[in-house]
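A short write-up of the structure that comes next.
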Amino acid sequence: MERPVKVLKFGGSVLRDESDLVAAAHEVYRYYRRGIRVVAVVSALGSTTDDLMSRARRLCVQPRPELLAPVLATGETTSANLFGIALDGAGVPAQVLSPHQIGLRARGPVLDADPMDLDAAALLRELDRVPVAVVPGFVAQRDDGRLVLLGRGGSDLSALFIAHHVKADCCRLIKDVDGCYESDPALPGPPPRRLLSASFDDALALGGAILQPKALRFARDHHVAFDVAGLCGVRPTRIGRLPRIAVEADTMAASRPLRVGLLGLGTVAGGVYRELCCRPDLFDVRRILVRNLDTDRGVGAVSHLLCTDVREVLDTPCDVVVELAGGVQPATEWMASALRRGRHVVTANKAALAAHGCLLARTAQQHACSLLFSASVGGAVPALETARRLASEHVIGFEGVLNGTTNFVLDQIAQGTSFAEAVRRAQQAGLAEADPRLDLDGSDVAHKLTVLARHTFGDVPIRWQRREGIAGKLPDVPPGHAVRLVGSCHRQCETPMGVGQASPAELIASVEVRVLPERDALAQVAGEQNAVRFSTLDARLRRCEHIVAGRGAGRVPTTTAVMADLFELARAHKLRASGRSAKDTRFSAAACSQEAS
Ligand code: HSE
């Protein structure tokens, strides 16, 4: 099935510095985890273009355009490459592509050229290989190979031009405002009405403060509809061949942030806490459960938020409880208690979910709350989301590298490091569980496999054929092979005769050390990466494979996945506050309890 393409353009007003690149990475992850291929077009960070211009003008009052253009282009090139790094850190597989690599050609004045052509096939091929491409906006290439610029604000034009040529499903221009207004909302006076939709000519009439007029004319002439939104926006302004619909600004008034209770302040929870603090418009951390009030968490947690009694978190009015303490109990009871009090729960706790996931899902459903657990399997790898996306195709099984610590250790051992030293390094890198035996003896894989199996097939009994870890003697590895700890799960009967759409009666699962040829995708999973290979049958009973891979462990990737669930809740909260029925985000709870029944 062809995966949709979305073009996201991040302007300099939302990319002021490196920390904004992290926020932008969350926005890309939001689509990536839904299986959408993303082209992220970026402007230079903040005032970089003006600064470069001033520097050039200090050297020469009127620099020649062909000398100035490559200097200004470094702003977009730098932000694109930094964004590639931010996405990699967040666990989003991304590549940075130059105008040359995507054949983005332009003609006309060097500082205000018009884009003429794009090698859409090349860009789509790259997106098939790596699902996220970062492209510097504003910059194109002339036929003679010189870099040219598309005029001030030209990243809007880059994004719309690319969206048009790759026939993107959607193009979103992300700004530091939540959409377009009838006039500048920053000016004194009564707040202007906000546009939900507008025609191209309406948008042109607003002037060039928000959108580049040249880009708007291109969109109008080529019928490229697009959205204007803020980061984590819920009701963008849609520009296209559309009627002008405006609403009073106060119907869109900012809702209060989502109130968060945090259980734990370890490796992942510390990362989540920091991220929550970066978005005070969306989140308000009310209480944090810690083991010891004196421990220096290194995350700058405000001391009056800390407590050692879980009742203080559960009794504090909150909208969502984020459980990152780990372990089956008392974490399960804490989550159930939060759900019974009408709080949404976000967790990465695969051990608790494997043991009591269906009970928790039922509790969530009974109390009309969401139970979200994207981070419990695969870190930033959207394994659960992919299982869900494939639900309409017939999944017959999956297998994967699901534990970053053991994969990291196996790679280190292959390079000559001792087992003990490799484990120590994995702990130092923040990959291992609090009790690393859970990683090493295969329990962590078994937990994740159980959660993923339930998400894929429903609450079907699992027959374990084998459950082993990597602590015992490892097999000899012939040249051209790699050792991997592989978790696998498949329907009891894989032959076409046995395949039906109904849930299987039993699942066969194993966690085992395998020696794989290097050409196998699972052998290529390096370090703390995870990968899952799903097998499906198409309508003609042909077997198809779908692989999803990326960073599977560690503070930042796991934080990315936890935050994605929290942003989902924050968007639903904003939508409700703006008076529109929120899209039901209770997918995980609904999926699990439905399957459990
Ligand atoms: N200890 C886990 C691993 C962390 O190494 O994969 C992510 O669940």
Side-chain angles (χ1 to χ4, degrees), residues 29 33 89-92 264 266-272 322-328 331 346-355 357 372-387 398-413 419 422-453 455 467-471 483-488 511-513 522 525-532 548-565:
Y29 186 74
R33 78 172 182 153
V92 182
T267 305
V268 176
V272 169
V322 183
E323 188 282 310
L324 295 167
V328 176
V346 172
T347 183
N349 190 334
K350 54 259 169 170
L353 289 165
L372 304 180
F373 45 87
S374 174
S376 63
V377 181
V381 179
L384 294 164
E385 293 83 348
T386 304
F398 61 83
E399 57 183 359
V401 171
L402 288 166
N403 183 270
T405 302
T406 47
N407 208 57
F408 176 93
V409 167
L410 289 170
D411 269 2
Q412 294 268 315
I413 291 172
F419 181 82
V423 173
R424 196 190 62 76
R425 289 183 191 171
Q427 285 177 296
Q428 207 171 30
L431 305 175
E433 296 301 299
D435 177 356
R437 282 174 304 185
L438 293 175
D439 295 301
L440 303 174
D441 72 3
S443 301
D444 181 75
V445 177
H447 296 152
K448 290 169 179 165
L449 198 145
T450 305
V451 176
L452 187 54
H455 211 70
R467 278 176 72 157
E468 66 183 6
I470 63 161
V483 186
R484 294 289 174 245
L485 184 66
V486 177
S488 69
V511 181
E512 61 186 348
V513 175
L522 297 187
V525 178
E528 78 276 23
Q529 306 256 328
N530 281 191
V532 186
V548 58
R551 287 193 196 271
R555 169 182 269 189
V556 184
T558 314
T559 296
T560 302
V562 173
M563 288 305 299
D565 285 346

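For the single chain, residues carry numbers from 1 onward in sequence order. Whatever order the structure lists them in is the order used to number ligands and atoms, beginning at 1. A quick note: this is a predicted structure, and the numbers were derived from the prediction, not measured.
Judged by distance alone, the side chain of E468 and the main-chain N or O of V513 form a donor-acceptor pair under 3.5 Å. R555 places no side-chain N or O within donor-acceptor distance of the main-chain N or O of G430, the cut-off being under 3.5 Å.
Using a heavy-atom distance under 4.0 Å as the criterion, the protein contacts of ligand 1 are K350, N403, G404, T405, L431, A432, E433, D439, D444, K448, G552, A553.
For the ring pair (Phe, Tyr, Trp, His ring centres under 6.0 Å) test, no residue two or more places apart in sequence or in another chain qualifies with F408. When the side-chain hydrogen bond (donor to acceptor under 3.5 Å, both in side chains) test is applied to E323, the partners found at least two apart in sequence or on another chain are T347, N349. For D439, the side-chain hydrogen bond (donor to acceptor under 3.5 Å, both in side chains) criterion is met by N403, not counting sequence neighbours.
In the model, E385 has a side-chain atom that pairs as donor or acceptor with a side-chain atom of S374 under 3.5 Å.
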